[in-house]
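To find a chain, count down the sequence lines: A is the first, B the second, and so on, and within it residues start at 1.
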Amino acid sequence: MIKEAPRENRAARYLVSGPPLLFLVVFFVAPTLIMILTSFRFPGEFGGLAPIAAPAEKISGEYGFTPEAYQFFFSDVLYAKIFLKSFGVALATTLICLIMAYPLALLIARSEKRFRNLMVLLVVLPFASNFLIRIYAWMIILGPESAFSHFVNAILGAFGLAPVTLLFSPFAVLVGMVYVHLPFMILPLYTNLEKHDASLLDAAQDLGATAWQRFWRVTWPLSLPGVFSGSALVFIPVLGMFAVPDILGGTGDILIGNLIKDQFLGTRDWPFGSALSIMLTLAVLSVAGLATWFARSATGQRA
Amino acid sequence: MSLLEIRNVTRRFGDYTAVDNVSISVETGEFFTLLGPSGCGKTTLLRMIAGFDLPDSGQILLDGKDMVGTPPEKRPVHTVFQTYALFPHMTVADNIAFPLKMAGKTPQDIKNRVGEALDSVRLPEFGNRFPHELSGGQKQRVAFARGLVNRPRLLLLDEPLGALDAKLREEMQIELINLQKEVGVTFVFVTHAQNEALALSHRIAVMNHGNVEQIDEPSKIYGFPRNRFVADFIGKISMMNAQVVEATPSHLKLNVGELGEVITAGREGIKAGDDGMMAIRPEQVRISHPSEEPRLKNHFVGKVHDFLYIGDVTTYIVELSNGAYIEALLPNSSPGRATFFEVGDEVGVSWRHDAGIFLND
Ligand SMILES: Nc1ncnc2c1ncn2[C@@H]1O[C@H](COP(=O)(O)OP(=O)(O)OP(=O)(O)O)[C@@H](O)[C@H]1O
Ligand SMILES: [Mg+2]
């Protein structure tokens, strides 16, 4: 029989883990439940929700619970398309972030110890200024009269290609997404790479591995946990992001984030907005589950 | 032609000379040991042989070919690191297969040779384990197998047994000797443990402050140390100031301060009038009852100052009439501790005329 921990110990444990647990219940579990309930109700006449029971003075209208929001979601292929497109943007952003972040994280991890903290500070420095201001800055950079646009079009012109508008395009959305989320890829990668044992690279080189082989056979596989956590930290927030497509994407570029936001702030169809959120959560959970399974088999971990 | 030839190699870090004009040659099939105290430059020298570091001056030749400009991955030299440096994300079999894969061997060949390597280090069942599932001794064996599997011309071992406890260390020493005999690969072994060096090596280079003090077979290093550093670093030795009175090729007659005349083995390059040290190993000193008739030429009386019982032997520290201390070793051949002498007892100490040595630097 397992001996129970002394009473004071257990009390201390509840004291320590209690508040964060309570916080999660109040601000995560409860809202999720409310959202699930909301998704099965009727929208109110002027936004919000219709009452569950019909009020005495009014007979017309719909009351109670209904799967209508979900039926609506599956009735129009448009929504599936927006989901697919959003996942595509999230995937592209994650990959571009990974390709850009990896060399930088490696550079920081391999540079002298006293410079590392300074470099990490530089990576997170953009957070010091307001998020929206930084996105609006991109609007100016990508705008038709910007030096950058002129430069790009000059190059295209030199090759005999027609000039392009950068702003309000999928390209601008991708640039914004990558820009916003890059630090979330760099930091976990750096944290992982910084812990690598340098003697492993010496051993690999000693046993005949070229620089490229040392990377693919030692550094890369050992960095996979960092790659996976960085990817999760980019992929999931990108799916919910509406500000970047709103500002940089123009009217045609609607992603799930915008769609959900519109249901609450624009169309004022709360049940449909909730249903969309639930669908998104389910989709993210299944992607995360798949990724975890893939990560397990890729890193050769058992149990 | 020697397999490895180190010619006048010097390596400086700032104004600190870590390796100072070292010349060593190692023959094919040899078990060669670099022995010296911490910080004497052993690892620095080894890293230059492996190619991780380059000499500031001098040359390193392998099979007569200057290795400068050949990076570590191109040198037919493998290293066993003190921390093992096994790849944590690979199984034991994949770790051992690594150098074979890098050399572009066929999968079938790799499979066979990994199997043989696992057998040779007595771990045939461990191929599918990960390094973190192994004990220290098992990790060590995997590191040996990985270093040897592709038959390098030279295997460098940097204090590979340093992290093991005393008993396991002794077992691994025996295994290492057998392994080296079996595969016939030339070993350059680094240690600061003198008994390990004596037990394992064909030849030893004793290093101190970046210099090589002596290169010889273990018995020569122990029996005929070239200078005071080597004598003192390897094993125990008692030393007393002495002056040469008479020098012949076969023996030296020394005057040891306030004690009298001592006869030691002859040594080249020593002449009458030289000042230096008379040195004698504890196991060469006989300790006897003062009543016993002196049978050896070098015979003196003294008083037991202290003794140290260490199981198999007891070391007696005897104070001689001139105030100098000399150590004598007595095997405990009877059951229990044979208390032959107690502190304060009058005793006689003596040694053969060819046992002591004279060191002039
Ligand atoms: N990269 C370096 N930069 C500066 N000094 C160094 C460097 N590498 C070694 N040294 C110095 O050179 C000397 C020899 O070092 P080395 O590592 O070769 O000693 P060692 O004989 O292997 O010692 P140990 O038995 O403790 O491993 C030491 O004083 C060390 O501080
Ligand atoms: Mg060392």
Does a sphere of radius 6.0 Å around [atom1] in [X] hold more than 12 heavy atoms from other residues, nucleotides or ligands, not counting ones at 6.0 Å or beyond?
X	atom1	value
A:Tyr14	OH	no
A:Phe28	CZ	no
B:Glu182	CD	yes
A:Phe23	CZ	no

[atom1]/[X] to [atom2]/[Y] distance, rounded to the nearest 0.5 angstrom?
X	Y	atom1	atom2	value
B:Phe87	A:Leu207	CZ	CG	5.5 Å
B:Leu86	A:Leu200	CG	CG	8.5 Å
A:Leu222	B:Met90	CG	CE	8.0 Å

Is [X] close to chain B through its backbone or its side chain, or both, or neither, when contacts mean heavy atoms under 4.5 Å?
X	answer
A:Arg214	side chain
A:Asp206	both
A:Gln213	side chain

B:Thr83, part contacting chain A, at a heavy-atom distance under 4.5 Å: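 When you check distances to chain A, only side chain atoms of B:Thr83 fall under 4.5 Å.
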Part of B:Val80 within contact of chain A (heavy atom distance under 4.5 Å):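 Neither part.
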Any residue of residues 92-109 of chain B which, by heavy atoms, sits under 4.5 Å from chain A: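 From residues 92-109 of chain B, the residues near chain A are B:Phe98, B:Pro99, B:Lys101, B:Met102.
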Contact check, side chains of B:Pro72 and A:Asp202, non-hydrogen atoms, under 4.5 Å: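 SC-SC contact between B:Pro72 and A:Asp202 ruled out.
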Partner chain A: residue of B:Pro88, B:Pro76, B:Pro71, B:Ala50 with the largest heavy-atom pair count (under 4.5 Å):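 Ranked by contacts with chain A, first place is B:Pro88.
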For the student: nearest non-hydrogen atoms of A:Ala209 and B:Glu73, plus distance: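 What the structure gives for the nearest pair is O-CB, 3.6 Å.
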Main-chain N/O of A:Gly208 paired to B:His78 side chain as donor or acceptor, under 3.5 Å: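 Not a single qualifying donor-acceptor pair exists.
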